[in-house]
Amino acid sequence: MGRKNWLLSGSPKGAAASAAIYSLVETCKANKINEYNYLKYLFEALPNIPFLREPQLLEDHLPWNEKIQQICK
């Protein structure tokens, strides 16, 4: 069943993007946070964070962060 999901990716870049999203969703599940709330939070927060200049800022937005745990229950 999981194998068929990758057939719809269309390209190696599409497959990589799908794998990244799948990984985020599974990490949310492992950390017992709502995956929809987490992805919504990321899409709203990340454009305003200068993480390309300061990559350590990403640590504050990972699913196991206590702040994220509270926001994305």
Original post:
Quick one: CG on Leu62 to CG on Asn31, what's the gap to the nearest 0.5 Å?
Top reply: 9.5 Å

Original post:
Is the backbone of Lys73 close enough, under 3.5 Å, to the side chain of Asn37 for a donor and an acceptor to pair up by distance?
Top reply: yes

Original post:
In Å, rounded to the nearest 0.5 Å, how long is the span from CH2 of Trp64 to NZ of Lys32?
Top reply: 15.0 Å

**OP:** State whether the number of non-hydrogen atoms from other residues, nucleotides or ligands found under 6.0 Å of Glu66 atom CD is greater than 12.
**Re:** no

Original post:
Side chains of Pro50 and Leu57: does their closest heavy-atom pair fall under 4.5 Å?
Top reply: yes

Original post:
Rounded to the nearest 0.5 Å, how far apart are CG of Asp60 and CD of Glu54?
Top reply: 10.5 Å

Original post:
OH of Tyr38 to OG1 of Thr27: how many Å apart, nearest 0.5 Å?
Top reply: 8.0 Å

**OP:** Examine Ile21 and Tyr36 and state if one hydrophobic cluster contains both, with Ile, Leu, Val, Met, Phe, Trp and Tyr joined whenever side-chain heavy atoms are less than 4.5 Å apart.
**Re:** no

**OP:** Drop me the distance from Leu46's CG to Leu58's CG, to the nearest 0.5 angstrom.
**Re:** 6.5 Å

**OP:** For Ile33 and Pro63, work out which heavy atoms get closest and say how close.
**Re:** CD1-CB, 3.9 Å

Subject >> In one Ile/Leu/Val/Met/Phe/Trp/Tyr side-chain cluster, 4.5 Å: Leu39, Tyr22 >> reply: no

Original post:
If you measure from SG on Cys72 to NE2 on His61, what distance do you get to the nearest 0.5 Å?
Top reply: 11.0 Å

